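All remarks here apply to the structure that follows.
Numbered from 1 within each chain, the chains take letters A, B, ... in sequence-line order. Heavy atoms only: backbone and side chains are in, while hydrogens, waters and symmetry mates are out. No experiment lies behind these values; they were computed from the predicted model shown.
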Number of protein chains: 2
Amino acid sequence: MMLTPTMQRCVLHWGEMASRWGVSRSVAQIHALLFLSPEPLTAEDIAATLALARSNVSVSLKELQSWDLVHVTHVLGDRRDYFHARKDIWEVLTTIMDGRKKRELDPTVHLLRDCVNEAKRDADTPEPVKERIASMLEFLEELSTWYEQVRGIPRPTLIKLMRMGARVAKVAGN
Amino acid sequence: MMLTPTMQRCVLHWGEMASRWGVSRSVAQIHALLFLSPEPLTAEDIAATLALARSNVSVSLKELQSWDLVHVTHVLGDRRDYFHARKDIWEVLTTIMDGRKKRELDPTVHLLRDCVNEAKRDADTPEPVKERIASMLEFLEELSTWYEQVRGIPRPTLIKLMRMGARVAKVAGN
DNA sequence: CTGTCAGTTCAGGTATTTCTGAAAGTACGA
DNA sequence: TCGTACTTTCAGAAATACCTGAACTGACAG
């Protein structure tokens, strides 16, 4: 798979962005490449195209699979793994958000719940701090259930809602 | 400022989370501390409480100020800077999102626009790849304008909408 | 002026993450 | 059972991000 200059720019930029979001550059570049590629690619292909070590590609692909962003397919009479990425951008986004929610939001809510309980039998923590922690918890819990709800709305409806922009506000009754 | 064990847990966890989101640990810890603290703190205070180098605190505070999450105040007859963080969680969230949009989403849209234009006079890039880039651009542009719109909805309305959860879907007319 | 206090800058050390290459593992066909 | 083709593992190298300490600046009081 040869990269045209345009494709290169995309892949490189994707890598840059990823590192600002706590994702390793290779993982992101591989994801970008698979996202763009019309055909599934082998690990070897990817390593050659992006000039990465074969082993790095292997590990990064596992990571992407654990995020459910990349899948394996096979070709008859070929025992190599062929990798392809989800192509639907909506799905890519929701998949990433689901993952981050599970790995970051949920544990944080958990911890805050602990802290709030702990704070009850804790005379040292000043009252305003306790309140702040509690309000943080409440906020994240609301955010979390809101996300679950919205996540369940069928896509076409969601797109309609999105296109409505600020006009959705009218259902709030004012 | 002495940290109670509960406060410590919060601050440390905030630091962990941050590093998964591409924010340095000290920056996040300082932010957490200021967010919890009922009173504004001096840089010296912060350094002592979190056991960080004074210079690190100085730089991190600048960073937090550049994100508009932390502000300086002064006390009469005291030339030290007192720092305090936005306490309103909604505002904290929107401020962070505004920042990330400006620093990451907008430049990405820009780049993709370039790529799409470039692709027009580029015979090498395969057609399906061009389409994929274009659809990515379109998606991010939609996301971006949607965000702008929703950002403009007054907070009480937004909260109502949020509490409605999936029921907002009914305005989409089905 | 001079000394002190607060804040900033930055070169360089430290820690962490990321990546690599060699070696080991696995599956399959002959 | 061996050879081949492919994949995975992992110790340590390389790159990067992060933090520190020392030196500097500037503002003020005496």
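- Salt bridge Arg80(A)/Glu44(A): absent, no basic N to carboxylate O contact under 4.0 Å.
- At least one side-chain heavy atom of Phe83(B) sits under 4.5 Å from a side-chain heavy atom of Val70(B).
- At least one cation-pi condition fails for Arg163(A) and Trp146(B): the charged atom is not both under 6.0 angstrom from the six-membered ring centre and inside a 45 degree cone around its axis.
- Atom CZ of Arg20(B) and atom P of dC18(D) are 16 Å apart (whole Å).
- Using a 4.0 Å heavy-atom criterion, one finds that Arg54(B) contacts the bases of the nucleic acid, with or without backbone contacts as well.
- The backbone N or O of Leu34(B) lies less than 3.5 Å from no partner atom in the side chain of Ser37(B), so there is not a single donor-acceptor pair.
- Annotation: side chain of His31(B) is in contact with side chain of Val92(B) (closest heavy-atom distance under 4.5 Å).
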Evaluation steps, side chain to side chain contact (heavy atoms under 4.5 Å, CB included), between Trp14(B) and Phe35(B)
CA-CA 11 Å; Trp14(B) 209 241; Phe35(B) 176 76; over 6 Å; no
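- For Arg25(B) and dT16(C), the CZ to C1' distance is 9 Å, given to the nearest whole Å.
- Annotation: of the two residues near DNA chain C, Gly22(A) and Ser55(A), the 5′-most nearest-nucleotide partner is Gly22(A).
- Taking only side-chain atoms of Ser24(A), from C-beta outward, the nucleotide of dT20(D), dT18(C), dT7(D) with the closest atom is dT18(C).
- Atom CG of Leu50(A) and atom C1' of dT20(C) are 15 Å apart (whole Å).
- In this structure, Arg100(A) is not positioned above the aromatic face of Trp21(A) in the sense of NZ or CZ being under 6.0 Å from the six-membered ring centre and within 45° of the axis.
- The distance from atom CG of Leu52(B) to atom C1' of dA17(D) is 15 Å, rounded to the nearest whole Å.
- For the pair Leu64(A) CG and dT8(D) P, the computed distance is 13 Å after rounding to whole Å.
- Within 4.0 Å (heavy atoms only), Ser26(A) reaches sugar-phosphate atoms of the nucleic acid but no base atom.
- We find that CD of Glu63(A) is positioned 12 Å from C1' of dT18(C), with the value rounded to whole Å.
- Listed by residue number, there are no residues of residues 35-43 of chain B with a heavy-atom contact under 4.0 Å to DNA chain D.
- For the pair Leu61(B) CG and dC18(D) P, the computed distance is 16 Å after rounding to whole Å.
- For Asn56(B) and dT20(D), the CG to P distance is 5 Å, given to the nearest whole Å.
- Proximity of residues 69-84 of chain A to DNA chain D (heavy atom under 4.0 angstrom from any strand atom) is restricted to Arg79(A), Arg80(A), Asp81(A).
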Begin with the C-alpha distance, continue with both residues' side-chain angles, and end with the deciding distance and a verdict on salt bridge (charged side-chain N to carboxylate O under 4.0 Å, His left out) for Asp88(B) and Arg86(B).
CA-CA 6 Å; Asp88(B) 185 300; Arg86(B) 284 182 186 291; over 6 Å; no
